[in-house]
Amino acid sequence: MSDQDSFKKIIAHAKEYGFVFPSSEIYDGLGAVYDYGPNGSVLKRNIKDYWWRAMVQLHTDIVGLDAAIFMHPKTWKASGHVDAFNDPLIDNKDSKKRYRADVLVEDHMEKYRTKIEKEVAKGRKRFGESFDEAQFLATNPNVKRNQDKINEITTGLQNTLGKGDLAGLRQLIEDLGIADPETGSKDWTDVRQFNLMFDTKLGSVAGDAATIYLRPETAQGIFVNFLNVLNTSRQRVPFGIAQIGKAFRNEIVARQFIFRMREFEQMEMQFFVRPGTQKEWYETWKERRMNWHRVLGFRESDLRWHNHDNLAHYADAAVDVEYRFPFGFKELEGIHSRTDFDLGRHQELSGKKLQYFDPELDKSYVPYVVETSIGCDRTFLAVLCHAFEEEDLGDGKSRTVLKIPPALAPTQVAVFPLVRKDGLPKAALKVFNDLRFEFSCAYEEKDSIGKRYRRQDAIGTPYCITVDHDTLSDNTVTIRERDAMTQERIPVDRVREIVRERVDMNRLLERMG
Ligand code: ATP
């Protein structure tokens, strides 16, 4: 099955089992806007909970915030979004399809990266144990040729994007012979800038003065509250402010399900540090964030770093954590060293001092900021892609299972009576009623036990408890584990403790150290 086919299956599965629906579907949907269904909304809450607890609960030097979506319009002037939150767009004249010009070039560059990966895989196979990847990358002529090409394109992108040279970017696309990925046509329009912010009107006043924006990132809500938090919490620099919330971008190309949406949710943390220490904090946060992804259970081979060659004007370092989605490695999270740009700009436009008096240095300064910014929806998609499996069980049997980390699963434990008679439902409901205070539970008595297991597999329920005739005499039940499909007999009075040990999010947090 190709990656594209498996992605289609994941999207269909997400809809069929109540994870993600197209928005306003009865009206044929709305481009790149999605709703989370009964299972999806719980999974999403659990992802947010995992992030929030890893940030705010585990770090005594991080506090939370929940700022409004609407902000004073000057916020976006200060942040640079009014003037520069643009994407360069290009249309293909034949297919009438619209693309982000920089993404077309980056996707083209990705082909050379894939070639390098293939060379490395071949090398590893050929040299076995003695394979030295670093040496191979430095000396193999095919790798070198592809790397030279990547460097050349990177320079081209930097030179054009950095200077806002749209004609140059158009020329780069032509020089590289980039064709419309869907039709192969190379007949392109000029490149134009397109601002991604949605605007609306505040109150009943007409005219430009009342124009406000739906925030395109949550970060600015944190910056404008820097002093409020500093003055009302017991935090001292270095410290961080974490926030989860909706953000809105009028994305030009939004074709990859919930990967790129026009309304989405971000989980952002801005860490305020003493100027000059930002490099160390940047490295610290890189390490901590990668650890968060690993603990979540993503395979090492599905995660990678991608250093930004094109640094935004306010950043002195930036890197993405990329995840291997079925459509290739793409950004999941950004870690940015944003200098004092944001606080400095807000200080300038608001006329309010946004500084910290550092008693150790005996002076005031505008703190520098290291930001970690991750999309909740992209994390959701990564969890879903990682979890989705179609397993061949032999004898012509198969099952579709979502191997979601137990702590995140929408239903953590399902309870079944083996049959709907002989007092088994009553005994099963007793178990269920005890568990539901602590876990998200399901109770089912319809259909054969095999069918009930399959249904729970398909939504990622990690444990199923079955009450059978033996339960009535020896007070034990079976607990069936989703991934290995193994069954164990355990005493009824230990069910709660055993389930807790296996599904508790605290276990994940403890592994973060
Ligand atoms: P991209 O290059 O993919 O457009 P970006 O670099 O503009 O992303 P940031 O501004 O760094 O993204 O936003 C931080 C995070 O927010 C991203 O890593 C991503 O997970 C998430 N995100 C950004 N745009 C979207 C979107 N349109 N839909 C869903 N998630 C998004």
Side-chain angles (χ1 to χ4, degrees), residues 51-65 67 78-80 217-244 266-295 305-321 331-350 352-374 509 512-513:
W51 183 88
W52 185 265
R53 291 179 66 189
M55 281 292 178
V56 182
Q57 190 177 325
L58 290 193
H59 294 98
T60 49
D61 53 2
I62 296 183
V63 289
L65 183 76
S79 66
E217 61 177 29
T218 57
Q220 299 304 325
I222 295 179
F223 294 127
V224 299
N225 276 297
F226 168 70
L227 276 190
N228 282 337
V229 174
L230 184 68
N231 293 338
T232 56
S233 66
R234 300 195 50 78
Q235 298 296 336
R236 294 292 165 256
V237 169
F239 77 100
I241 305 178
Q243 167 161 240
I244 299 177
Q266 288 185 315
M267 308 189 282
E268 295 199 302
M269 194 282 299
Q270 312 291 326
F271 203 74
F272 300 91
V273 306
R274 185 186 281 175
T277 63
Q278 71 271 23
K279 280 272 168 349
E280 281 159 55
W281 280 112
Y282 175 70
E283 291 306 326
T284 301
W285 277 109
K286 272 179 68 176
E287 199 182 306
R288 289 181 185 170
R289 292 305 304 146
M290 193 51 111
N291 196 27
W292 185 90
H293 291 283
R294 286 196 192 108
V295 170
W305 293 112
H306 175 64
N307 269 309
H308 283 213
D309 302 313
N310 280 310
L311 282 180
H313 56 285
Y314 52 76
D316 66 5
V319 69
D320 295 337
V321 176
E331 173 177 343
L332 183 57
E333 170 160 15
I335 298 158
H336 312 126
S337 174
R338 294 178 76 119
T339 68
D340 57 356
F341 174 80
D342 302 272
L343 287 182
R345 288 283 295 160
H346 286 305
Q347 181 168 268
E348 212 177 289
L349 263 81
S350 68
K352 307 274 178 346
K353 257 194 173 171
L354 299 180
Q355 301 193 353
Y356 171 72
F357 176 74
D358 192 325
E360 271 177 42
L361 299 182
D362 195 26
K363 68 171 195 182
S364 295
Y365 52 74
V366 176
Y368 271 42
V369 169
V370 174
E371 156 184 270
T372 73
S373 173
I374 178 166
L509 296 172
M512 218 126 25

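What you are looking at is a predicted structure, and each value in this text was computed from that prediction instead of being measured.
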Spacing of [X] atom [atom1] and [Y] atom [atom2] [to the nearest 0.5 Å]:
| X | Y | atom1 | atom2 | result |
| --- | --- | --- | --- | --- |
| Asn231 | Asn225 | CG | CG | 11.0 Å |
| Ser373 | His336 | OG | NE2 | 6.5 Å |
| Asn228 | Ser233 | CG | OG | 10.0 Å |
| Leu354 | Arg345 | CG | CZ | 12.5 Å |
| Arg234 | Phe239 | CZ | CZ | 13.5 Å |
| Glu333 | Thr372 | CD | OG1 | 5.0 Å |

Specify the closest pair of heavy atoms between [X] and [Y], including all atoms of both residues, with the distance to one decimal.
| X | Y | value |
| --- | --- | --- |
| Leu65 | Val229 | CD1-CG2, 4.3 Å |
| Ile62 | Ala242 | CG2-CB, 3.9 Å |
| Leu227 | Lys353 | CD1-O, 3.2 Å |
| Val63 | Gln235 | CG1-NE2, 3.6 Å |
| Phe341 | Ser79 | CE2-O, 3.7 Å |
| Ile222 | Ile241 | CD1-O, 3.4 Å |

Glu371/Gln270 under side-chain hydrogen bond (donor to acceptor under 3.5 Å, both in side chains): CA gap, chis, key distance, verdict: CA-CA 4 Å; Glu371 156 184 270; Gln270 312 291 326; 2.8 Å; yes
His346 and Phe223 aromatic ring geometry - parallel, tilted or perpendicular at 30°/60° bounds: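 Plane angle between 30° and 60°, so tilted.
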Test ring-ring contact (aromatic ring centres under 6.0 Å, His included) applied to His59 and Trp285, step by step: CA-CA 12 Å; His59 294 98; Trp285 277 109; 5.2 Å; yes
Crowding at CD, Glu280 (>12 non-hydrogen neighbours, <6.0 Å):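 Incorrect, the count does not exceed 12.
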Taking the side chain as every heavy atom from C-beta outward, state whether [X] and [Y] have any pair of such atoms under 4.5 Å apart.
| X | Y | result |
| --- | --- | --- |
| Met269 | Trp51 | yes |
| Ile374 | Trp292 | yes |
| Tyr282 | Ile335 | yes |

Option among Lys286, Glu331, Met290 that satisfies the side-chain contact (heavy atoms from CB on, under 4.5 Å) test with Val321: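 Exactly one option meets the side-chain contact (heavy atoms from CB on, under 4.5 Å) with Val321, and it is Met290.
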Option from Val273, Asp61, Val370 for which side-chain contact (heavy atoms from CB on, under 4.5 Å) with Pro238 holds: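 Of the listed residues Val273, Asp61, Val370, the side-chain contact (heavy atoms from CB on, under 4.5 Å) partner of Pro238 is Val273.
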Gln243 side chain to Thr218 backbone, donor-acceptor under 3.5 Å: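 At least one qualifying donor-acceptor pair exists.
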Thr339 side chain to Tyr314 backbone, donor-acceptor under 3.5 Å: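 Answer holds: yes.
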Ring centre gap for Phe272 and Tyr356 strictly below 6.0 Å: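 Phe272 vs Tyr356: aromatic centres not under 6.0 Å.
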Evaluation steps, side chain to side chain contact (heavy atoms under 4.5 Å, CB included), between Gln347 and Asp340: CA-CA 10 Å; Gln347 181 168 268; Asp340 57 356; over 6 Å; no
Between Gln278 and Ser337, a side-chain donor and acceptor under 3.5 Å: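 No, Ser337 and Gln278 have no side-chain donor paired with an acceptor closer than 3.5 Å.
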Step-by-step side chain to side chain contact (heavy atoms under 4.5 Å, CB included) determination, Val224 to Phe226: CA-CA 6 Å; Val224 299; Phe226 168 70; over 6 Å; no
Verdict with supporting geometry, Met55 and Arg289, side chain to side chain contact (heavy atoms under 4.5 Å, CB included): CA-CA 10 Å; Met55 281 292 178; Arg289 292 305 304 146; 3.8 Å; yes
For Asp358, the option from Lys363, Arg274, Arg236 that meets salt bridge (charged side-chain N to carboxylate O under 4.0 Å, His left out):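 Of Lys363, Arg274, Arg236, salt bridge (charged side-chain N to carboxylate O under 4.0 Å, His left out) with Asp358 is met by Arg274 alone.
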Verdict with supporting geometry, Leu332 and His293, side chain to side chain contact (heavy atoms under 4.5 Å, CB included): CA-CA 10 Å; Leu332 183 57; His293 291 283; 3.6 Å; yes
